[in-house]
Structure formats: C-alpha cells, structure tokens
Amino acid sequence: MKKALVPIIVLAVIFVGVFMYGVSIKNQAMTLSQTEQKQWADVEAAYQRRNDLIGNLVKTVQGAANFEKSTLESVVKARAEATKVTIDPSNMTPEQLDNFNKVQSNLSSSLSKLLVVSENYPELKSNTNFLKLQDELASTENTIQTQRIRFNDAIMLYNNYVMRFPNSVFAGMFGYSEKPYFKSIEGAEKPVEVEFNF
C-alpha cells in the first residue's frame, strides 16, 4: 500500500508546486500592472495640469487688445479635443495610445503657435501673469516628458515579466499580455520649424 501512495504524493507535490508558481507569477504580474497603471495616471495628471494652465493662459491672452482670434480659437479647440480622449490603462492598445498622442501633439502645436504669436504683443509680453504661465507651461512640459519616460520604464518591466517563458504561459492564462509603449508622434524626429512673421 505504501508503494501505491508514492506516485500520488509525488503528483500532489508537483501539482502544489506548479500551482504556487502560477500564483506567484499572477501576483507579480498584477503588481507590475498596477505600477504601470499608476504611471499612466501620472502621465494623465501631467497633461491635465497643462490643460488647466492653458485655460488660464487663454484667458490672460484674451485680455490683450487685437490679439489674433484664430490662434486663440485653435488652442481652445485643441484643448477641448485633448480632454475628450481617455484611455483605460488596463486595456490599453497601441491605437488608443497613438490617438492620445496625436491629440496631445495637436494641442502642443497650437500652444506653440500661440506663444510665438504672442511675441508681437509687447503689453502681453510684459504681463507678469502671462510670463508666469509661460514658465509654468515650460515646467509642465518637462514633467510630462519625465512621466512618459517613467511610464515606458514601467511598461518595459511589465512586458519583460509577462513575455518571459514560462511566465508567459501563466500570465496568458490569467489575462496578462504585452502592453504598448508611449511613442513619439510620426515626424517627431524632424526639427521644428519656427517662423517669425513680424
């Protein structure tokens, strides 16, 4: 009777070992997924800060007489579009991330035009609120860049973990799969052309 129990005990030990290994992979994948989702929330918070600052900047610029209305309208429109796009970090796809990046890039472009055009208005350039907002926007853009880098670092750790064999087998069973990186928009490798038509 003792000899018959040995294979059952060995199988039970193997089963428990595989089960515990699978549980540890699931727990680590969940931890890394939560880290990635937190980093995405930090990216969104940095973009939200920029959107809030842009609202204040637009109000300050509107006070300047004879300011170019079309430039302001393009910034307001781009800001509205940027606030409409949201991403669920747990189900993020490359297409969603590209769309998010595209609308944020359009906002950056409109904002750059606003800041360049503002150079034509001496009373605006000397406005302390405007100057302070410009500094805040520059700081916020640096924060956005830092948060995107940290997000990609979190994605790299997560993807390395869930794609590595044998983790990939267990991670796939629990619904964890590769997630996209935050990439620059198409054409970002080209230098920006700034024209001053004064």
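Atom-to-atom distance recorded for Asn142:CG and Gln147:CD is 11.5 Å, nearest 0.5 angstrom. Atom CD of Gln28 is separated from atom CE of Met30 by 9.0 Å, given to the nearest 0.5 angstrom. Considering CG of Asn159 and OG of Ser168, their distance stands at 12.0 Å, rounded to 0.5 Å. Ile9 contributes atom CD1, which lies 12.5 Å from atom CD1 of Ile14 (distance to the nearest 0.5 angstrom). From Phe151, atom CZ reaches atom CD1 of Ile144 across 14.5 Å, with rounding to the nearest 0.5 Å. How far OG1 of Thr143 is from CZ of Arg150: 9.0 Å, rounded to the nearest 0.5 Å.
For the pair Ser139 (side chain) and Asp135 (backbone), a donor-acceptor distance under 3.5 Å is absent.
With contacts defined as side-chain heavy-atom distances shorter than 4.5 Å, the pair Asn152/Met156 does not qualify. Contact annotation: the side chain of Leu137 approaches that of Arg50 to within less than 4.5 Å [non-hydrogen atoms, C-beta and beyond]. Side-chain contact between Asp153 and Tyr158 is absent, with no heavy atoms from C-beta onward closer than 4.5 Å.
Note on Val162 and Tyr21: same hydrophobic cluster, where clusters join Ile, Leu, Val, Met, Phe, Trp and Tyr whose side-chain heavy atoms are under 4.5 Å apart, directly or indirectly. Residue Val10 is grouped with residue Val18 when hydrophobic side chains (ILVMFWY) are merged at heavy-atom distances under 4.5 angstrom, including chains of intermediate members. If you chain together hydrophobic residues whose side chains sit under 4.5 Å apart, Tyr47 and Ile149 never meet in one group. Hydrophobic clustering, with ILVMFWY side chains joined whenever heavy atoms are under 4.5 angstrom apart, groups Val16 together with Phe19. Cluster membership for Phe170 and Val23, using ILVMFWY side-chain heavy atoms within less than 4.5 angstrom, is not shared.
Minimum heavy-atom separation, Thr140 to Ala46: CG2-O, 3.6 Å. Closest approach of Leu32 to Leu157, counting heavy atoms only: CD1-O, 3.8 Å.
The only option from Gln39, Lys179, Glu178 that meets the side chain to side chain contact (heavy atoms under 4.5 Å, CB included) definition with Ile155 turns out to be Lys179.
Both the sub-6.0 Å distance and the 45° axial angle are not jointly satisfied by Lys26 relative to the ring of Tyr176.
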Show the numbers, then the answer: is there a side chain to side chain donor-acceptor pair (under 3.5 Å) between Ser33 and Gln37? CA-CA 6 Å; Ser33 179; Gln37 289 180 38; 3.2 Å; yes
For Glu36 and Trp40: C-alpha separation, side-chain torsions, deciding distance, then whether side chain to side chain donor-acceptor pair (under 3.5 Å) applies. CA-CA 6 Å; Glu36 167 266 321; Trp40 179 251; over 6 Å; no
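Within a 6.0 Å sphere centred on CE of Met173, heavy atoms belonging to other residues, nucleotides or ligands number more than 12.
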